[in-house]
Protein chains: 2
Amino acid sequence: MAPMAAGDEDVRWLDAEEQAMWRHLLTAESRIEEELDRDLQTRNGIGLVEFGILVALSEAPGMRMRMRMLADSVIVSKSRLSHQITRLERSGYVRREPCEEDRRGFWAILTDDGLVVLREAAKGHVARVRERVFDRLTREQVRQLAGIMRTLEPDEAPAGPAGH
Amino acid sequence: MAPMAAGDEDVRWLDAEEQAMWRHLLTAESRIEEELDRDLQTRNGIGLVEFGILVALSEAPGMRMRMRMLADSVIVSKSRLSHQITRLERSGYVRREPCEEDRRGFWAILTDDGLVVLREAAKGHVARVRERVFDRLTREQVRQLAGIMRTLEPDEAPAGPAGH
DNA sequence: TGGAAACAGTTGAAGCTTAAACCATATTTC
DNA sequence: GAAATATGGTTTAAGCTTCAACTGTTTCCA
């Protein structure tokens, strides 16, 4: 068997079926995200990421989360989250509070205004998601998609070579 | 039946199964894209969008495309494409040429250097796509996903109200 | 023919994201 | 228990994206 160098020669290219699937996946995804983002933006003045942040906070105990955990939960870098929270703070939807237990840390806390905006945004958003995604799929397809995405979610490799 | 105003009240929220699916979809997608982008970026110095542009050009007759068509094909705004092409031009991977038939227009043309970079990048990229996506799915799942994404791809609504 | 409107594309400024450096506090480790 | 290292988070600058305005065709249509 050939050594697995990084820029290896003999590449297993995608066959026709795989290629078609990959293209559909990329374009469908990008269109959906774009539409949902624009919809939220124009209707509620927040983007998809901001919405995600508000959702995460609203579901956390005390409607608050530590920056790090929040960053992981919405999958953005620490830095980006920090900027994002600064903006949300400026809009009055979130506020920061220093953490007593670990004095390096900060809480991001959903404000009352933030909750109101979130509630309002969520209504329109879920309607959009329905008409753009769920209404076009059968129950069976939803189930299939859930299974597929669950296996694709983790970012680790499927198995380490020679697991100790 | 209630009038379908924009911010309608009685919202059909997602049930548990739908919600789980939606979350998996969002996070899986975002992780995959992030990894592939970073991989291309560090290994070949181009991002996923730039890669997409080079691919599109390489497959077009004469390895050239009009700006507008290219923008549609990789799903970015005219403006963003223009900036992007400017950068790719600076890197020497693409060049512009005025269009004779329609003098408003420009061709974006893949250069020899661009083709070299694309070839090199493609090898690593397809390997990553395989190990991150296809290797984790069964043939059957790939087929299912293709069907699902094909129905989700178009951005028009499923049907107009009272189609005339 | 002569606009009016649409289209292809660019541009510049403002806003957002990323990357790297940085500060302060916790945690290890010897 | 002191130094080394790791962690939580912010900050600054550079790079990228978006938005709106703009130029120069082309098309429409009366």
Review point. Can a donor-acceptor pair be found between the side chains of B/R96 and B/T86 at a distance below 3.5 Å?
Key: yes

Practice item. Say whether, by atom type as modelled, one donor and one acceptor occur between the side chain of A/E18 and the main chain of A/D15 under 3.5 angstrom. Key: yes

**Study point:** A/K78 side chain, from C-beta outward: closest of D/dT10, C/dG9, C/dA19
**Key:** D/dT10

Check your understanding: Roughly how many Å is it from CG in B/D102 to C1' in C/dC7, rounded to a whole number?
Key -> 8 Å

**Study point:** Exercise: identify the closest heavy-atom pair between A/L57 and A/I109
**Key:** CD1-C, 4.4 Å

Exercise for review: Starting at atom CD of A/E101, determine the distance to atom C1' of C/dA26, rounded to an integer number of angstrom.
Suggested key: 14 Å

**Study point:** Closest-nucleotide 5' rank along DNA chain D - winner of B/E50 and A/Q41
**Key:** B/E50

Practice item. Write down the distance between CZ (A/R87) and P (C/dT18), rounded to a whole number of angstrom. Key: 11 Å

Exercise for review: Report yes or no: do B/T138 and B/R143 form a side-chain donor-acceptor pair below 3.5 Å?
Suggested key: no

Check your understanding: What about A/S79, does its side chain sit under 3.5 Å from the base of D/dT11 through a donor-acceptor pair?
Key -> yes

Check your understanding: Considering only D/dT26, D/dG9, D/dT17, which nucleotide approaches the side chain of B/R80 most closely?
Key -> D/dT17

Exercise for review: Run the salt-bridge test on B/E89 and B/R87 with the 4.0 Å N-O cut-off and return the result as yes or no.
Suggested key: no

**Study point:** Minimum-distance nucleotide (side-chain atoms of A/F106 versus C/dC16, C/dA8, D/dT10)
**Key:** D/dT10

Practice item. Indicate, with a heavy-atom threshold strictly under 4.0 Å, whether B/R66 touches base, sugar-phosphate, or nothing. Key: sugar-phosphate

Check your understanding: Ignoring hydrogens and angles, does a donor from either the side chain of B/H83 or the base of C/dG12 sit under 3.5 Å from an acceptor on the other?
Key -> yes

Check your understanding: With respect to the phosphate group of C/dC16, does any side-chain polar atom (N or O) of A/Q84 fall under 4.0 Å of OP1 or OP2?
Key -> no

Revision key, fill the gap. Contacts of A/S77 and A/E100 projected onto DNA chain C by closest heavy atom; the upstream (5') one is A/S77

Review point. Is any N or O donor-acceptor pair between the side chain of A/R104 and the base of D/dT7 shorter than 3.5 Å?
Key: yes

Point to revise | Atom pair distance, as rounded to whole Å: CG in A/L81 and P in C/dA19 | key: 16 Å

Practice item. Among D/dT10, C/dA26, D/dT17, find the nucleotide with the atom closest to the side chain of A/R103. Key: C/dA26

Check your understanding: Hey, is the side chain of B/R90 poking within less than 4.0 Å of OP1 or OP2 on D/dG15, counting only N and O atoms?
Key -> no

Check your understanding: Whole Å only: how far is the CZ atom of A/R68 from the P atom of D/dA6?
Key -> 15 Å

Exercise for review: Can you figure out which of C/dT17, C/dT10, D/dT10 approaches the side chain of B/S82 most closely?
Suggested key: C/dT10

**Study point:** Closest-nucleotide 5' rank along DNA chain C - winner of B/M67 and B/R38
**Key:** B/M67

**Study point:** d(CZ, A/R96; C1', D/dT10) in whole Å
**Key:** 8 Å

Practice item. Take the protein atom CD1 of B/I85 and the nucleotide atom C1' of C/dT11, then report the distance between them rounded to whole Å. Key: 16 Å

Exercise for review: Could you state the atom-to-atom distance from CE of B/M65 to C1' of C/dA8 in whole Å?
Suggested key: 16 Å

Review point. Any salt bridge between B/E33 and B/R31, counting N to O under 4.0 Å?
Key: no

